[in-house]
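A, B, ... follow the sequence lines: proteins, then strands. Residue 1 opens every chain.
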Amino acid sequence: MIELIKVNKSFGSNHVLKDIDLTVPTGQKLVIIGPSGSGKSTMIRCMNMLEKPTSGRVVIDGAELTAHKAPIAQVRQSVAMVFQQFNLYPHKTVLENLTLAPIVVQGVSKEEAEDSGMAFLTRVGLREKAGEYPAQLSGGQQQRVAIARALNMHPKILLFDEPTSALDPEMIQEVLDVIVGLAEEGITMVVVTHEMGFAREAADRVVFIDEGRILEDGTPQHFFEDAQHERTKLFLSKILR
Amino acid sequence: MFDGFIQWLGNLSLMFSSAKWASLGDHLGLIFSGLGITIVASVLALALALVLGIVFGVLSASNWKPLRAVARVYVEFFQNTPLMLQVVFLGFGLPIVWPQFNAVPVLMVGVIGVGIYHGAYISEAVRAGIQSISKGQLEASLSQGMSYVQAMRHVVIPQALTVVLPPLTNQAVNLIKNTSVLLYIGAFDLMYQAKSIQAANYNPGPVYLVAMVLYFCLCYPLAFLAKRLEDRAEAAQGGGQA
């Protein structure tokens with residue numbers, strides 16, 4: 001379970017998140033939508049403390065990350081993140097990308113990490129790329145490796161920060177297919193995205209955020225057919241044309 | 001004009017006369033023992049400089065201001081005062097305020113002086129290398145539960161190394177040449193031996209020429225390597241590493 005309690009975040013004089021209250025129960029698939037600059041990326045980055053809130057609390061499965069001397073690194077092991085720019089380790093092979101953190105951080109044996117790593121690579125359809133380097137792969141393939149890397153930590157929560165925004169259009173679907181496949185499992189997922197089709201298909205809940213505030217919060221059906229705010233309707237009218 | 005040239009040729013032949021060469025031949029043992037000391041001093045000073053350079057380079061690239069400040073003071077102080085002055089201060093100044101330092105062998109005093117000096121330069125190269133690695137690399141590592149030190153060790157520094165290696169090799173070349181300041185504190189390095197042989201025999205031509213050739217033989221392979229590494233790093237960057 002993820003809890004954001006009265007979270008505020010400012011970058012200098014730029015007040016990006018304003019009193020965000022949000023609870024994501026275990027197993028929920030939450031999609032966060034919003035125009036660029038709305039604070040949606042900052043919000044998801046607060047969930048694993050890559051951004052430290054200026055005020056407010058972030059609590060993951062009962063552990064308060066905003067507390068003094070919080071076990072942030074330990075909690076991050078079960079909160080995996082997939083980035084817009086993939087951020088694969090370019091000096092490591094695909095398989096080594098998957099096994100580095102499990103070995104170094106979780107103390108998993110090399111064999112075990114490689115076995116489960118190969119299983120996740122198979123799952124994202126890239127088993128045969130295990131020995132290659134990230135630079136040899138297409139963007140879509142790199143992002144699928146990044147997802148497999150996240151899964152190999154055996155996380156309880158998966159955070160996706162605009163996972164398809166840096167991809168060429170023809171590669172978006174292969175990545176979305178993988179994420180939709182994951183959504184059918186019990187894992188908690190938070191996805192920041194501009195892919196409305198994905199939100200409709202895979203989300204349990206959609207949150208719309210604008211200028212650092214949550215404006216809509218409900219089912220995908222509520223969001224697409226029964227939005228409350230003018231701002232939301234305007235956004236949808238532009239994006240769903 | 002022509003007479004002047006003849007005169008100059010005469011001087012040159014005197015400077016490199018067979019007698020001058022013969023007086024060098026008598027002292028070849030000293031030259032090579034000096035070369036040995038220079039090599040030992042270079043290796044030890046380079047080791048010290050690398051350790052200091054990596055530690056202070058990582059500190060200067062860190063997010064924590066006090067650590068950055070410490071690293072800045074170190075770098076700026078040693079980069080902006082002459083090496084020779086630093087080494088004679090270590091050799092002759094420090095023992096006055098701290099007599100125990102007299103027990104340190106002269107060679108080690110030189111190693112410490114040259115090592116600290118080049119550590120400052122290497123730390124700047126290391127800092128630039130770390131800062132050239134995209135922030136996403138650190139974030140990805142941290143998001144996987146790595147500590148800052150683990151992220152540096154397994155992800156950032158290995159990548160920074162490719163960037164840092166060419167300037168590092170250039171620093172090694174400079175370091176070897178700069179061990180010649182050991183002359184001033186009386187360590188029996190190559191420069192010291194060359195100077196004392198020439199003082200005893202007045203044969204600067206052959207002695208300094210041989211010393212130069214020996215320094216060149218130590219440095220040129222490294223300089224060549226630096227050029228190769230630089231070309232390779234450029235090719236790798238042009239190749240669009242993700």
**Asked** Around B:Asn63, counting heavy atoms of other residues, nucleotides and ligands shown, do more than 12 lie under 6.0 Å from its CG?
**Response** no
**Request:** Below 4.5 Å from any heavy atom of chain A, which atoms of B:Ser143 appear? Answer side chain, backbone, both or neither.
**Result:** both
**Request:** Quick one: which of B:Arg153, B:His154, B:Gln150 has the most heavy-atom pairs under 4.5 Å with chain A, could you say?
**Result:** B:His154
**Request:** Give, for atom CE of B:Met146 and atom CG of A:Leu100, the distance between the pair rounded to the nearest 0.5 Å.
**Result:** 4.0 Å
**Complete:** Applying a strict 4.5 Å limit to non-hydrogen atoms, the region of A:Tyr89 in contact with chain B is both
**Asked** Is a side-chain donor or acceptor of A:Asn87 paired with a backbone partner of B:Gly136 at a separation under 3.5 angstrom?
**Response** yes
**From CD (B:Gln144) to CD (A:Gln106), nearest 0.5 Å** = 8.5 Å
**Message:** Is the shortest side-chain heavy-atom distance between A:His91 and B:Val155 below 4.5 Å?
**Reply:** yes
**Item:** Region of A:Arg149 in contact with chain B, defined by heavy-atom distances below 4.5 Å
**Value:** both
**Request:** Kindly indicate whether the side chain of A:Pro90, heavy atoms from C-beta on, has any atom under 4.5 Å from the side chain of B:Gln137.
**Result:** yes
**Prompt:** Does B:Tyr208 OH have over 12 foreign heavy atoms under 6.0 Å away?
**Reply:** yes
**Asked** Is the shortest heavy-atom distance from the side chain of B:Glu139 to the side chain of A:Met81 under 4.5 Å?
**Response** no
**Message:** With a 6.0 Å cut-off (strictly less than), is the heavy-atom count around CE of A:Met118, excluding the residue itself, greater than 12?
**Reply:** yes
**Prompt:** Does atom CZ of B:Phe92 have more than 12 heavy-atom neighbours from other groups under 6.0 Å away?
**Reply:** yes
**Request:** Assess whether atom CZ of B:Arg72 is packed by more than 12 heavy atoms of other residues, nucleotides or ligands within 6.0 Å.
**Result:** yes
**Item:** chain B neighbours within residues 53-80 of chain A, where any heavy atom lies under 4.5 Å away
**Value:** A:Ala73, A:Arg76, A:Gln77, A:Val79
**Request:** Count the heavy-atom pairs under 4.5 Å between each of A:Val82, A:Leu50, A:Asn48, A:Leu137 and chain B, then report the option with the highest count.
**Result:** A:Leu50
